[in-house]
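Please read the structure below before turning to the comments.
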Amino acid sequence: MTSNSMDKIFIGISGLIGAGKSTLAKTLGEHLGLDVYYEPVEDNEYLSDFYLDIKRYSFPMQIYLLNRRFHQHQTIIWHGKGGVQDRTIYEDTVFARMLMNSGLMDPRDYRTYVNLFENMSNFMCKPNVIIYLDVKPSISLERINMRSRDIESGITLEYLEKLYEEYELFIKDISKLIPVIRVDWDTFRDVEDVARAIEEEYLNASFLRQVVKW
Ligand SMILES: Nc1ncnc2c1ncn2[C@@H]1O[C@H](COP(=O)(O)OP(=O)(O)O)[C@@H](O)[C@H]1O
Ligand SMILES: [Mg+2]
């Protein structure tokens, strides 16, 4: 534990599939003494069907994940103990938008999803900080292949490149609302480095700005 000031912090970990979110969430949680809220994978009832027939399952998959992440998000807020969330509720819109743009989600379903998310987000306290693990699509594909989950065997470089483009837009947008620390994760770093970056960039940063001249 580096500092008591981090004992109730709510940290969201963002990034492409295979970036290293779950691994970092685990080590960062241990390092800071925070509970970790993992992305639902083994117990995700839609995941295998989704990868077999993306178009058919894109909408139910998004609704399912929105609900699961909302529950995690609420738990972190109401427990008041902080926590590390492995993928944020905000970046699900990255997937939804990419699916719609690729013709894999009906535009009407997409609008319903976004409206539902926006209504829910009015009831959500934001994480204190988001750590964005910036990983090139080719590296993410290597890591996906390395961990060899059967259900992910159909993920292509093209799919990851489209997702990466959406992630870039997402990070630009969300950083207007939530402090984002972007880290180059093409090569892994020690958890201590990440904890230090949070402390220096977020906790010790001054957000006071004074306008001296209009
Ligand atoms: N810090 C790390 N050091 C070594 N290998 C890692 C590290 N982080 C992730 N990996 C490996 O990279 C792959 C993807 O990591 P994972 O944490 O499952 O990514 P994500 O949760 O973002 O999909 C896994 O095979 C994992 O073991
Ligand atoms: Mg994971």
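Side-chain atoms are counted along with the backbone in the values below, which use heavy atoms only and exclude waters and symmetry mates. Computed from a predicted structure; not experimentally measured.
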Can Ile54 and Arg56 be said to form a side chain to side chain contact (heavy atoms under 4.5 Å, CB included), step by step? CA-CA 6 Å; Ile54 295 184; Arg56 161 72 182 83; over 6 Å; no
List the atom of Pro137, the atom of Tyr164, and the distance in Å for their closest heavy-atom pair. CG-CB, 3.7 Å
Closest non-hydrogen atom pair between Ile151 and Ser48, with its separation: CG2-CB, 3.4 Å
Side chains of Tyr202 and Ile11: does their closest heavy-atom pair fall under 4.5 Å? no
Are any non-hydrogen side-chain atoms of Phe59 and Asp106 less than 4.5 angstrom apart? no
Taking a hydrophobic cluster as the set of Ile, Leu, Val, Met, Phe, Trp and Tyr residues connected by side-chain heavy atoms closer than 4.5 Å, whether directly or through intermediates, do Leu169 and Phe117 fall within one such cluster? no
4.5 Å side-chain heavy-atom contact, Val129 and Ile178: no
Least distance between heavy atoms, Gly12 atom then Thr88 atom: CA-CG2, 3.7 Å
Parallel, tilted or perpendicular, as decided by the 30° and 60° cut-offs, for the rings of Phe188 and Trp185: perpendicular
Assess whether side chain to side chain contact (heavy atoms under 4.5 Å, CB included) is satisfied between Ile171 and Asp173, documenting all intermediate values. CA-CA 5 Å; Ile171 289 299; Asp173 280 350; over 6 Å; no
Close side-chain approach of Arg143 and Val135, heavy atoms under 4.5 Å: yes
Is Leu66 linked to Phe70 within one hydrophobic cluster, defined over Ile, Leu, Val, Met, Phe, Trp and Tyr using a side-chain heavy-atom separation of less than 4.5 Å? yes
Same apolar cluster: Ile76 and Ile9, side chain cutoff 4.5 Å: no
Path from Tyr132 to Val194 over hydrophobic side-chain contacts below 4.5 Å: no
Just by modelled atom types, is the Asp134 backbone N or O under 3.5 Å from a matching donor or acceptor in the Arg182 side chain? no
To the nearest 0.5 Å, tell me how far Leu177 CG sits from Tyr90 OH. 8.0 Å
Pair Phe10 + His73: ring centers closer than 6.0 Å: yes
Just checking, is any N or O donor in the side chain of Glu166 or Asn101 under 3.5 Å from an acceptor N or O on the other one? yes
When you measure from the side chain of Ser140 to the backbone of Lys136, do you find a donor-acceptor pair of N or O atoms at a distance under 3.5 Å? no
Under a 4.5 Å cut-off applied to non-hydrogen side-chain atoms, are Arg68 and Asp43 in contact? yes
Can we say Lys172 and Glu168 salt-bridge, meaning some charged N sits less than 4.0 Å from an Asp/Glu carboxylate O? no
Check Arg147 with Glu152, please: is the shortest side-chain N to carboxylate O separation under 4.0 Å? yes
Using 0.5 Å steps for rounding, measure from the CD1 atom of Ile198 to the CG atom of Leu32. 6.0 Å
Distance check, rounded to the nearest 0.5 Å: Tyr64 atom OH versus Asn67 atom CG? 8.5 Å
Residues Cys125 and Ile77: closest non-hydrogen pair is CB-CD1, 3.4 Å
I'd like to know if Ile181 and Ile174 are part of one continuous hydrophobic network [Ile/Leu/Val/Met/Phe/Trp/Tyr, side-chain heavy atoms within less than 4.5 Å]. no
Report the C-alpha distance between Lys55 and Leu99 in whole Å, list the side-chain angles of each, state the deciding distance to 0.1 Å, and finish with yes or no for side chain to side chain contact (heavy atoms under 4.5 Å, CB included). CA-CA 8 Å; Lys55 199 167 179 174; Leu99 291 166; over 6 Å; no
Salt bridge (Lys or Arg N to Asp or Glu O under 4.0 Å) evaluation trace for Glu30 with Lys26: CA-CA 6 Å; Glu30 284 166 2; Lys26 181 174 188 293; 3.1 Å; yes
Flag the pair Leu28 / Leu34 as yes when at least one side-chain heavy-atom distance between them is below 4.5 Å, and no otherwise. no
What heavy-atom pair brings Val36 and Gly29 nearest, and what distance separates the two atoms? CG2-CA, 3.7 Å
Please check if atom CG in Asp150 has more than 12 non-hydrogen atoms from other residues, nucleotides or ligands closer than 6.0 Å. no
Which atom pair, heavy atoms only, marks the closest approach of Phe50 to Ser58? CE1-CA, 3.9 Å
Side-chain touch Met98/Val94, heavy atoms, less than 4.5 angstrom: no
Polar contact flag, side-chain donor to acceptor under 3.5 angstrom, Tyr167-Glu91: yes
What is the distance from atom OH of Tyr113 to atom CD of Glu118, rounded to the nearest 0.5 Å? 10.5 Å
Measuring from Arg87:CZ to Asp92:CG, what's the distance to the nearest 0.5 Å? 7.5 Å
Between Thr112 and Arg108 (side chain of the first, backbone of the second, donor and acceptor by atom type, cut-off under 3.5 Å), is there such a pair? yes
So CG of Leu141 and CG of Leu157: to nearest 0.5 Å the spacing works out to 6.0 Å
Asp190 side chain to Asp193 backbone, donor-acceptor under 3.5 Å: no
Are Asp86 and Lys21 within salt-bridge range, i.e. N to O under 4.0 Å? no
Is the side chain of Ser153 donor-acceptor paired with the backbone N or O of Arg149 at a distance under 3.5 Å, no angle test? no
Checking Glu39 against Arg69 for the side chain to side chain contact (heavy atoms under 4.5 Å, CB included) test, could you report, in this order, the C-alpha distance in whole Å, the side-chain angles of both residues, the deciding distance, and whether it holds? CA-CA 8 Å; Glu39 173 165 58; Arg69 282 199 234 279; 3.1 Å; yes
Taking side chain as C-beta onward, heavy atoms only, is Leu65 less than 4.5 Å from Ile89? no
Is there a donor-acceptor pair closer than 3.5 Å between any side-chain N or O of Gln85 and the backbone N or O of Gln72? no
